[in-house]
Protein chains: 2
Amino acid sequence: MKTTGEILRENREKKRLLLRQVSAQLDIDTAILSKIERGERKATREQINKLADILEINKESLIVHYLSEKILCELKDEDFGIQALKVAEETIKYGATKNQ
Amino acid sequence: MKTTGEILRENREKKRLLLRQVSAQLDIDTAILSKIERGERKATREQINKLADILEINKESLIVHYLSEKILCELKDEDFGIQALKVAEETIKYGATKNQ
DNA sequence: TATTTACTTGACAGTATTTGTCAAATGTAA
DNA sequence: TTACATTTGACAAATACTGTCAAGTAAATA
């Protein structure tokens with residue numbers, strides 16, 4: 001599966017936009033956006049929203065991509081990651097949010 | 001479903017241990033353990049390991065509980081949380097780890 | 001070849017969040 | 001009352017996050 005960064009870069013290039021142009025709209029330095037696209041940094045949740053608008057990417061698909069990448073990163077060294085995901089999924093479905 | 005904190009407290013009381021005794025083994029103040037049990041703070045990953053040992057709780061079940069709670073907390077305000085979980089699950093199953 | 005332009009890299013700074021201590025407050029039982 | 005367990009909240013230290021900046025690379029072009 002493509003990384004979020006890859007999707008962002010592909011879509012930016014498809015629109016013929018420069019890092020400079022997009023990062024200006026995000027109000028950050030080009031350096032950060034460059035790193036985000038190459039996977040060296042993570043975008044913030046807010047930046048993802050803006051990027052979907054700027055690059056005209058379907059919001060749901062971008063967000064789902066971003067979130068699942070974040071979750072996978074958190075579980076990458078865990079032996080019981082899949083089990084945890086399943087429990088989390090069941091809990092959401094069941095409706096019991098019960099968060100802090 | 002029970003919270004991680006509830007499980008920890010139940011098991012500590014089952015073993016007739018005081019906060020003081022357990023927190024000493026964790027090398028933290030009782031205040032923190034108290035907060036962890038009441039869900040006011042999260043345990044660290046390392047503390048969860050130690051707690052499973054100290055309280056003789058099945059490691060897999062405690063870890064799964066802890067991780068899924070963490071994930072749910074992260075997704076609590078997300079509209080597409082379930083979708084993200086499913087994608088994450090598929091990605092893990094598929095074997096493509098591809099993390100940063 | 002020298003300039004220009006886009007992007008990349010790494011050192012660094014400011015801020016936010018996490019993780020903890022401590023002391024005082026509360027609750028409870030002897 | 002005293003003693004002990006737990007809770008609470010103010011605070012401090014450590015860590016992680018988010019960004020800037022300036023110098024570097026690479027490719028196109030005057």
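Proteins get letters first, then strands, A, B, ... in listed order; numbering begins at 1 in each.
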### Distance in Å, B:Thr91 OG1 paired with A:Leu75 CG, rounded so as to fall on 0.5 Å steps
11.5 Å
### Message
With clusters defined by side-chain heavy atoms of hydrophobic residues (ILVMFWY) lying less than 4.5 Å apart, directly or transitively, does B:Ile36 cluster with B:Leu17?
### Response
yes
### Query
In whole Å, what is the span from the NZ atom of A:Lys42 to the C1' atom of D:dC17?
10 Å
## Note on the structure
CD of A:Glu40 to CD1 of A:Ile32, rounded to nearest 0.5 Å, is 11.0 Å
### Query
Is any NZ, NE, NH1 or NH2 atom of the basic residue among B:Glu89 and B:Lys93 found under 4.0 Å from an Asp or Glu carboxylate oxygen of the other?
yes
### Task
Measure across B:Ser23 and B:Thr30 and return the closest heavy-atom pair with its distance rounded to 0.1 Å.
OG-CG2, 3.3 Å
### Task
Take the protein atom CD of B:Glu46 and the nucleotide atom P of C:dG20, then report the distance between them rounded to whole Å.
11 Å
### Message
From CG of B:Leu33 over to P of C:dT19, roughly how many Å is that when rounded to an integer?
### Response
15 Å
### Task
Ignoring backbone atoms, establish whether A:Ser34 has a side-chain N or O less than 4.0 Å from OP1 or OP2 of C:dT8.
yes
### Query
Taking CD from A:Glu40 and C1' from D:dC17, how many angstroms apart are they, rounded to a whole number?
14 Å
### Query
Roughly how bent is the helix from C:dT1-D:dA30 to C:dA30-D:dT1 end to end, in steps of 10 degrees, with each end axis from five pairs?
0°
### B:Leu18 with B:Ile57, same ILVMFWY side-chain cluster at under 4.5 Å
no
### Task
Report yes if at least one side-chain N or O of A:Arg9 is closer than 4.0 Å to OP1 or OP2 of C:dT8; otherwise report no.
yes
### Message
Measuring to OP1 and OP2 of D:dT18, would you say a side-chain N or O of A:Thr44 lies under 4.0 angstrom away?
### Response
no
#### Entry: Short side-chain N/O contact from B:Arg38 to OP1 or OP2 of D:dT8, under 4.0 Å
yes
### Task
Would you check if the side chain of A:Tyr66 reaches a backbone N or O of A:Ala43 as a donor-acceptor pair within less than 3.5 Å?
yes
### Query
Reading nucleotides 22-30 of chain C from the 5' end, what letters show protein touch, with B for base, S for backbone sugar-phosphate only, - for no heavy atom under 4.0 Å?
B--------
### Query
For A:Lys2, does its backbone N or O pair with a side-chain atom of A:His65 as donor and acceptor, under 3.5 Å?
yes
### Query
Which residues within residues 12-27 of chain A lie with some heavy atom under 4.0 Å of an atom in DNA chain D?
none
### Query
Which value, rounded to the nearest 0.5 Å, describes the distance between B:Ile82 atom CD1 and A:Glu90 atom CD?
10.0 Å
### Task
In whole angstrom, give the distance that lies between atom CZ of A:Arg41 and atom P of D:dA16.
14 Å
### Distance, nearest 0.5 Å, that separates CG of A:Leu67 from CG of A:Leu62
9.5 Å
### Message
Salt bridge check, A:Glu69 against A:Lys42: does any charged N sit closer than 4.0 Å to a carboxylate O?
### Response
no
### Query
How close or far is atom P of D:dC17 from atom CD1 of A:Ile28, stated in whole angstroms?
16 Å
### Task
Whole angstrom is fine here: how far is it from CD in A:Glu37 over to P in C:dC7?
8 Å
